[in-house]
Amino acid sequence: MFDNRLFRPGGPVKPEEKDWPSFRGAINEAMREEMRRDPLVFQMGEDIALASPFGVTTGLAKEFGRERIRDAPCAEVAVVGAAVGAAMGGMRPIVEFQFGDFMSVAIDQLTHQAAMLRYLTGGQVSVPLVIRLPCGGGQGAGSQHSQSLYSWFAHVPGIKVLLPSTSMDAKAMMKAAIRDNNPVLFFEHKQLYRTRWPVPAEFRDADHVAELGKAAVRRAGVDITVVATLTMVHHALAAAEALAAEGVSVEVIDPRTLVPFDVDTLVASVRKTGRLLVVDEAYLNFGIQAEVIATVAERAFEALKAAPRRLGNPNVPVPFAPCLQDEVLPGRARIEAAIRQMMSR
Amino acid sequence: MFDNRLFRPGGPVKPEEKDWPSFRGAINEAMREEMRRDPLVFQMGEDIALASPFGVTTGLAKEFGRERIRDAPCAEVAVVGAAVGAAMGGMRPIVEFQFGDFMSVAIDQLTHQAAMLRYLTGGQVSVPLVIRLPCGGGQGAGSQHSQSLYSWFAHVPGIKVLLPSTSMDAKAMMKAAIRDNNPVLFFEHKQLYRTRWPVPAEFRDADHVAELGKAAVRRAGVDITVVATLTMVHHALAAAEALAAEGVSVEVIDPRTLVPFDVDTLVASVRKTGRLLVVDEAYLNFGIQAEVIATVAERAFEALKAAPRRLGNPNVPVPFAPCLQDEVLPGRARIEAAIRQMMSR
Amino acid sequence: MRAMLLIRAVEKAWGDAYLTEEITGIPPSLSTGQEAIAAGACAALGDGDFIFTTHRGQAAQVARGLDPKRILAELYCRRTGYNKGKSYHVTDMTRGVVGMGGIVPAQVPIAGGMALAQKMRGTDRVSLAFFGDGASNEGAVHEAAALAAMWTLPLILLCENNRYCITQRDTDALKGPSIAARAAGYGLPGVVVDGTDPLAVQAAVAEAVARARAGGGATFIEAQCERLTGHLIHDTQPYRSREELESAWKHCPILLFGERLERERILSADERARMNREIEAEVAGAVAHARTQPYPAIHEAYEDLWA
Amino acid sequence: MRAMLLIRAVEKAWGDAYLTEEITGIPPSLSTGQEAIAAGACAALGDGDFIFTTHRGQAAQVARGLDPKRILAELYCRRTGYNKGKSYHVTDMTRGVVGMGGIVPAQVPIAGGMALAQKMRGTDRVSLAFFGDGASNEGAVHEAAALAAMWTLPLILLCENNRYCITQRDTDALKGPSIAARAAGYGLPGVVVDGTDPLAVQAAVAEAVARARAGGGATFIEAQCERLTGHLIHDTQPYRSREELESAWKHCPILLFGERLERERILSADERARMNREIEAEVAGAVAHARTQPYPAIHEAYEDLWA
Ligand SMILES: Cc1ncc(C[n+]2csc(CCOP(=O)(O)OP(=O)(O)O)c2C)c(N)n1
Ligand SMILES: Cc1ncc(C[n+]2csc(CCOP(=O)(O)OP(=O)(O)O)c2C)c(N)n1
Ligand SMILES: [Mg+2]
Ligand SMILES: [Mg+2]
């Protein structure tokens with residue numbers, strides 16, 4: 001069950017949070033710095049200039065003008081296509097979708113064009129573009145506005161898939177995405193937008209860019225490895241705290257990128273703990289959770305002390321009514337229960 | 001490496017094959033019988049009336065007329081949408097795509113409309129439709145005409161996913177698909193179309209309909225379980241024969257349907273053999289192979305004697321040049337090598 | 001008139017429920033200013049016909065005679081709502097109302113399919129798809145219009161041009177003479193109609209219905225009006241000037257039609273006020289009903305997916 | 001003339017290679033009957049401009065001056081082909097030729113993006129997208145046309161109406177007066193031109209190029225011609241009557257233009273025959289070259305995916 005109270009998407013900022021950058025502010029800052037640095041970077045998206053749907057592009061049109069912050073029509077095939085073509089023409093486009101679910105209407109331009117054109121042309125073109133996809137449930141936005149569909153895009157060749165979970169990562173990974181010469185999908189969990197996080201000093205360093213393909217060990221532990229992404233990282237950390245009191249030492253791994261995927265950090269962790277739980281909001285069947293388990297089963301089989309487990313959406317659409325919605329999303333309580341059960345064997 | 005010689009897609013029919021129905025003929029017969037039985041069944045697709053791309057609909061327009069065998073324009077969103085609406089209006093549409101890859105332009109109509117509408121309306125509508133998706137590589141048709149993208153569709157709720165591998169299954173599963181009240185994707189591997197297979201007597205029985213969700217044990221064995229779909233079933237069987245001579249007893253499981261998925265047959269097999277190899281043409285990363293491994297790791301962990309393994313496309317587009325194409329597709333030789341390696345540990 | 005007043009009252013109730021935090025989730029999208037289109041269109045349809053609505057679909061649901069009690073129960077996420085709390089795209093298949101709109105404008109090709117089904121089954125029912133000016137730039141509308149022309153489908157493509165796609169003005173996104181002007185390219189009749197006049201809309205839709213029933217195929221209608229409230233309830237429209245909004249409100253269909261009925265001595269201001277009080281009482285009753293309805297049980301999350 | 005003859009010769013070589021089973025895989029799609037469109041269009045473009053081709057893209061590749069040797073090497077799946085054997089959608093970025101066509105008509109929105117890049121970078125380069133009559137019903141064309149109008153992009157939408165979408169006659173799939181008639185709905189100039197006349201095509205494209213370079217935005221051109229050979233080489237067109245095909249061949253652009261040049265005493269029949277012999281020798285040389293080229297090495301399957 002999804003615990004909405006874990007983050008306060010609204011409400012007043014607590015005193016200690018005052019100097020912490022918000023998640024959406026971090027993305028905004030990354031884009032601002034990169035647009036200052038490189039005149040070829042520009043953005044397209046519905047309403048991004050006048051009334052940014054989740055406030056991520058707020059203020060950018062004022063600084064960079066309506067040519068570089070382009071309000072796009074409701075025509076996602078044309079817009080993603082425009083990004084692909086513009087990228088081939090030397091520009092570095094960033095595209096915002098209001099809800100990542102809407103990518104469903106423009107997948108061909110992404111997977112068969114953006115992702116394949118370099119290969120098909122024998123390396124003659126490159127397609128540096130970033131698509132920002134707000135994702136995830138918990139806002140009562142209904143089945144077609146609550147999904148986490150990265151399993152699709154991580155499956156096909158040629159697309160980098162990024163899942164930031166903190167303000168620091170949001171900023172550094174966005175900068176890396178913009179500087180990358182390949183198509184990059186940047187998934188932004190809507191529940192994270194208004195959260196605030198303490199950051200290290202390099203957050204303020206305009207040259208600090210994330211290295212893509214490095215998982216983060218969010219918490220070290222020796223009894224069980226929990227792999228979690230986006231908001232689930234924080235649910236997992238909360239569960240880990242609770243279990244620490246019971247004497248269970250949980251290691252929490254945040255892969256941060258699905259493509260490229262950091263197999264080494266994952267395998268090293270499971271070699272240490274011998275147990276694996278994977279938690280994600282994605283639909284459970286044929287989802288990214290399976291890939292993590294399969295990777296460990298292949299690469300660290302001998303280290304496994306017990307059957308690995310996974311949590312996710314049990315393959316129903318995310319329903320509208322909050323009580324039903326919360327039922328189908330994983331969260332802290334389910335993570336705790338799963339860990340307890342796995343430790344008791 | 002893909003072994004093209006395993007099937008002879010062209011060439012003369014061998015004497016013993018004369019009475020064996022071809023794979024594409026079996027689909028044709030299933031559709032013909034169902035269209036005779038139920039006047040609500042009809043078809044839409046590009047060129048299906050006049051020059052069926054792979055010959056699957058040949059002759060049907062003559063028997064059923066151009067209203068029920070409708071040549072569709074090159075407008076896949078409209079056509080899939082028309083199928084969804086017609087299904088809600090009480091018809092039972094079958095849609096043919098010339099290449100399943102083209103589904104990329106109409107995914108929204110499938111995953112967000114066909115698959116979700118029943119749920120969203122609280123069960124008020126049902127959407128009985130079949131989409132036929134020719135898939136797979138091996139014909140030198142290039143990156144956008146050679147894929148096996150079922151991992152995407154098995155991931156999201158509300159869609160049945162069928163992968164027939166023999167003439168008998170092609171017929172019985174197509175009949176089941178047409179009679180099913182849900183959206184069904186019917187993947188047809190292009191390399192199988194012209195293959196011929198011996199069939200049991202019930203092939204001729206117009207009332208014989210497959211039960212969806214039952215895997216087939218294509219070959220019994222005790223040393224290792226190989227899970228394979230479509231053409232890979234036959235590659236695996238050939239590998240199994242070869243290895244039998246070396247004293248390795250291979251069990252070959254053909255899941256036949258990904259949704260619903262027959263977990264029981266899979267788990268029972270691995271409990272017996274203790275070893276698992278999964279082979280599929282799908283891109284390897286985040287593909288269906290991972291789901292099979294994850295399921296076994298969860299459900300039959302104690303039975304596993306060695307790390308499971310998987311084969312698939314190593315996440316590059318299927319290249320045009322035959323020599324490159326064959327390199328990226330799995331096949332008999334790779335299966336044999338993998339089994340040998342797994343047995344030697 | 002009644003339909004328009006009822007639409008506005010139901011929507012107000014929904015909006016209020018959100019603003020008072022009685023309900024949460026995605027903010028309501030009201031069709032204030034667009035009531036005449038739904039009212040006029042539904043008045044031109046027969047009992048067996050089908051409508052496919054948008055994310056701004058309550059107007060059409062109400063105009064088609066759905067029960068405000070069950071509409072509000074759905075918007076209050078209750079299990080006795082039309083969709084059992086599963087989605088706010090209110091559907092009632094017994095009245096031919098298919099609620100859609102999560103994906104703009106996915107309902108249009110599907111409405112085409114419903115028209116195809118009716119045609120193949122030999123009924124004379126028609127299928128009407130609502131969609132917006134913003135939606136008209138999506139490929140789905142193009143493909144559906146071309147297919148409807150090709151197969152002579154009994155379909156009505158009813159574009160509600162409320163001048164805005166969220167913050168984007170229609171004139172910024174559309175450079176042709178009108179949206180309906182695109183119809184000619186498909187070989188379909190295209191009609192522009194005053195979407196603030198319910199009778200004009202009714203007449204245009206009636207003509208399209210007659211054409212469709214007679215086997216004459218599809219019609220593309222653009223009903224022009226003004227979106228008076230924000231895209232969603234919390235949108236205060238800072239991107240529109242005060243003058244623009246003031247002049248837009250002069251096109252309020254309820255105001256205009258009320259004045260006209262008064263002028264033509266069909267309904268006096270008093271009678272209208274009485275009607276409105278009745279409606280407000282009805283809607284207050286519907287809200288009270290919705291509030292008392294039970295939420296879905298947890299296990300219902302797993303129901304209604306498979307047939 | 002030379003361009004058209006060269007196109008036909010290169011395509012014949014490709015077709016023959018398939019029919020004699022020298023190459024396998026997806027059967028060649030020839031543009032026999034459409035040569036004048038590519039020749040005319042490319043003659044109107046400048047050096048820095050871009051073209052985006054279709055699944056029937058060889059004509060434009062040849063007309064744009066790509067090397068038949070390297071085109072054929074690609075079609076023969078050799079590593080010295082333009083795309084290193086990775087795809088048959090021949091691309092040469094040094095000549096602004098982007099080979100596409102696996103997904104109909106995905107190249108059109110992308111050509112729009114290239115036009116956007118040129119506009120934003122302040123060049124005067126234009127971007128031209130070829131697509132077919134069948135492709136025109138796809139949503140991608142609609143969206144790209146609307147966006148080009150909205151952003152005044154230096155884009156040319158060049159529809160090659162060869163009367164068929166595989167087996168489907170244009171008149172079965174398209175019910176408007178013409179495909180170019182759709183342009184008006186987007187606020188774009190729409191032009192129908194005789195696609196069997198290279199000079200007419202050149203003139204129409206030149207006008208569009210001038211408009212685009214002058215900041216006047218996009219143009220939609222429909223060039224009408226006849227597809228003389230099958231959709232793919234093994235298609236014997238059983239769905240077309242003998243009479244239809246015979247009359248179609250009367251519209252062969254090479255025939256017509258040859259007659260005209262003769263009539264106008266610009267190129268005699270003899271000179272044409274000599275030109276053709278030269279071209280055939282050139283293409284024979286290109287085939288011989290292609291045959292001797294090495295296949296890609298296995299490890300190359302894993303190259304060129306990531307930048
Ligand atoms: C495919 C898709 N793209 C974008 C959206 C986001 N969206 C929701 S409503 C809307 C506005 C559509 O404008 P219009 O069609 O004019 O309808 P209106 O809101 O004015 O009624 C948009 C863009 C969506 N739901 N689906
Ligand atoms: C999205 C998509 N749908 C269908 C096809 C199959 N297909 C390949 S070529 C073709 C014909 C297109 O006709 P047209 O645009 O007229 O081009 P022509 O072949 O006549 O040159 C079709 C339907 C495809 N490649 N992509
Ligand atoms: Mg609007
Ligand atoms: Mg054509």
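Scope of the values below: all heavy atoms of this structure, side chains included, with no hydrogens, waters or symmetry mates. Quick note on labels: first sequence line is chain A, next is B, and so on, each numbered from 1. Worth saying up front: this structure is predicted, and the values here are computed from it rather than measured.
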(message) I'd like to know if the side chain of Asn137(C) and the backbone of Cys74(A) have a donor-acceptor N/O pair within less than 3.5 Å.
(response) no

(message) Measuring from atom CG of Leu324(A) to atom NE2 of His299(C), what distance do you get when rounded to the nearest 0.5 angstrom?
(response) 9.5 Å

(message) At a heavy-atom distance under 4.5 Å, which candidate from Pro296(C), Ala106(C), Ala135(C), Ser136(C) has the highest pair count against chain A?
(response) Pro296(C)

(request) Report the distance from atom CD of Gln325(A) to atom NZ of Lys86(C), rounding to the nearest 0.5 Å. (result) 14.0 Å

(message) Within a 6.0 Å radius of atom CZ on Arg70(C), are there more than 12 heavy atoms belonging to other residues, nucleotides or ligands?
(response) yes

(message) If I measure from the heavy atoms of chain A, does His231(C) come under 4.5 Å with its side chain, its backbone, both, or neither?
(response) neither

(request) State, to 0.1 Å, how close Ala301(C) and Glu327(A) come at their nearest heavy-atom pair, and which atoms those are. (result) CB-CG, 4.2 Å

(request) Kindly give the heavy-atom pair with the smallest separation between Cys323(A) and Tyr295(C), and that separation in Å. (result) SG-CB, 4.1 Å

(message) To the nearest 0.5 Å, what is the distance between OG on Ser143(A) and NE2 on His89(C)?
(response) 8.0 Å

(request) Examine whether an atom of Tyr239(C) lies under 4.5 Å from a heavy atom of chain A, and if so say whether it belongs to the side chain, the backbone or both; otherwise answer neither. (result) side chain

(request) To the nearest 0.5 Å, tell me how far Glu46(A) CD sits from Thr167(C) OG1. (result) 9.5 Å

(request) Examine whether an atom of Ala72(A) lies under 4.5 Å from a heavy atom of chain C, and if so say whether it belongs to the side chain, the backbone or both; otherwise answer neither. (result) backbone

(message) Could you check whether atom NZ of Lys12(C) has more than 12 heavy atoms from other residues, nucleotides or ligands sitting under 6.0 Å from it?
(response) no

(message) Tell me which of these, Leu305(C), Ile103(C), Asn83(C), Leu174(C), has more heavy-atom pairs under 4.5 Å with chain A than the rest.
(response) Ile103(C)

(request) Over all heavy atoms of both residues, which pair between Cys77(C) and Phe320(A) is shortest? Give the atoms and the distance, please. (result) SG-CE2, 3.6 Å

(request) Looking only at non-hydrogen atoms, find the nearest pair between His145(A) and Tyr88(C) and report the distance. (result) CE1-OH, 4.4 Å

(request) Verify side-chain contact (heavy atoms from CB on, under 4.5 Å) between Gln139(A) and Thr24(C), making sure each step is shown before the conclusion. (result) CA-CA 8 Å; Gln139(A) 308 88 35; Thr24(C) 57; over 6 Å; no

